[in-house]
There are 2 protein chains.
Amino acid sequence: MNQRLKTMAENRAKLILAARKAFAEKGYAASSMDDLTADVGLTRGALYHNFGDKRGLLAAVVEQIDSEMAAHAKKARAKAGDGWQGLLAEGVAYIELALDPEVQRIVLLDGPAVLGDPSQWPSQSSCLESTKLIVERLIAEGTLKQIDAEAAARLLNGAALNAALWVAASAAPQDVLPKAVAAFSALATGLLKAPA
Amino acid sequence: MNQRLKTMAENRAKLILAARKAFAEKGYAASSMDDLTADVGLTRGALYHNFGDKRGLLAAVVEQIDSEMAAHAKKARAKAGDGWQGLLAEGVAYIELALDPEVQRIVLLDGPAVLGDPSQWPSQSSCLESTKLIVERLIAEGTLKQIDAEAAARLLNGAALNAALWVAASAAPQDVLPKAVAAFSALATGLLKAPA
DNA sequence: TAATTTAATATACACGCCGTATGTATGGTA
DNA sequence: TACCATACATACGGCGTGTATATTAAATTA
């Protein structure tokens, strides 16, 4: 088979892996591309050929992490069913995901600053889209109030992410997590037509 | 009177003003300290003497904008009274404030990435504190459910900020703003003990 | 299989920016 | 008036990015 494509894919994977580590530990700005590439036995030549520039590498990293997050959230939702409980479960899953330092630093802090508004990212918007679809169905079912589905989906995600940041930055995350989840659930019930 | 302190204060103000402009337009990373200081007839010497480093300048800028935001939100709340309506009004005020590109870029994007978690900033935490106080009073009054006041305050602020980012990034902000406000209000009613 | 072409990666260079160390000049003070 | 402190300017070193050129290894074709 094609040898070149294979090694190229391997090199891309190696660079992304090293970048996840470096970006998470030192932050995007403080990560040297020379060091990063040298760590995996390459030079900046490979990097600029594969990703265009430093931002391109960050975008690739963000996309990877983001898709992992979406998969995780989707699994959590599936476990809780496709109705109201599923929507709640997805939000809670996001909160828990953002406890990961990699997610915090790369996706929540540096990502927006360097790449711009997350809702424009292809990966995030897919996740948002799925949330929006559930909301739309629940509205049609009469479970939720008649509000703009996209607005509701965005604010739910936003609240969840913010809760996650709070939990992550706190001194005792395991104590704060349940409070955050409780507050999130309470807020979410505001969308219900007939409150629980 | 003391001439030196006066000119120093003037220079600080000039630098902060120029930084607000540069950071808002080009972003923090792309703003050159040489250019910035030259714009106001100074050199980096003045900057590093007054603010320590580039981050220090950003911190000063963020603090200034942040305090302006807090003042604005407080005023909006006062106008709507000190109860539940005031809490809502404060959230809506935040959403509207974040339509300002300066606020978006500096406070919401670059600020967290460079300075770290916003809840640690002295200015923001003061605003959060005031929200928390209202929530606590409303809980004591029996207006709100028995939930953690800090959690509720944080998620409210988080949802509002996220709504603002969405509105700001949209093609037709004036159309999206009412949807965001409606969704925010709906979410917030989830905190009420007896839903409206 | 040998020559040729393609392209993935390495190397080398130019430029800009930050932070610091040192110099200078002006305002306060005795 | 002479001295000192300090706010600011100047000069320097180092690092990091992005790009242009070179090299090497794989794929293709005859």
Nearest to the [X] side chain among [options], which nucleotide is it?
| X | options | value |
| --- | --- | --- |
| B:Tyr48 | C:dT20, C:dT9, D:dA9 | C:dT20 |
| B:Met8 | D:dC8, D:dA9, C:dT9 | D:dC8 |
| B:Arg44 | C:dC13, D:dA9, C:dC18 | C:dC18 |

- [ ] Run through B:Glu63, B:Glu25, B:Glu68 and flag the one making a salt bridge (charged side-chain N to carboxylate O under 4.0 Å, His left out) with B:Arg20.
- [x] B:Glu68
Task: A:Asn11 side chain near C:dA8 phosphate (N/O to OP1/OP2, under 4.0 Å) - done: no
Open item on the list: Any side-chain N or O of B:Asn2 below 4.0 angstrom from OP1/OP2 of C:dG28?
Closed with: yes
Task: Stepwise side-chain hydrogen bond (donor to acceptor under 3.5 Å, both in side chains) check, B:Thr189 with A:Lys145 - done: CA-CA 12 Å; B:Thr189 62; A:Lys145 296 173 184 167; 3.3 Å; yes
Task: Residue mapping more 5' on DNA chain C - nearest nucleotide basis, A:Gly41 or B:Leu5 - done: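 On the 5' side of the pair lies A:Gly41.
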- [ ] Keeping to residues at least two apart or across chains, list the side-chain hydrogen bond (donor to acceptor under 3.5 Å, both in side chains) pairs with something in residues 40-50 of chain B.
- [x]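 side-chain hydrogen bond (donor to acceptor under 3.5 Å, both in side chains) check on residues 40-50 of chain B returns B:Asp34-B:Arg44.
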- [ ] Mind listing the residues from residues 28-38 of chain B sitting with a heavy atom below 4.0 Å of DNA chain C? Number order is fine.
- [x] B:Ser31, B:Ser32, B:Met33
TODO: State, without any angle test, whether A:Arg77 and A:Gln85 hold a side-chain donor-acceptor pair at a distance under 3.5 Å.
DONE: no
Open item on the list: Any base atoms under 4.0 Å from B:Leu42, or only sugar-phosphate, or nothing? Heavy atoms, all strands.
Closed with: sugar-phosphate
Open item on the list: If you take any heavy atom closer than 4.0 Å to DNA chain D, which residues from residues 49-60 of chain A end up in contact?
Closed with: A:Asp53, A:Lys54
Open item on the list: Keeping A:Gln104 on the side-chain end and A:Leu165 on the backbone end, is there a donor-acceptor pair under 3.5 Å?
Closed with: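 No.
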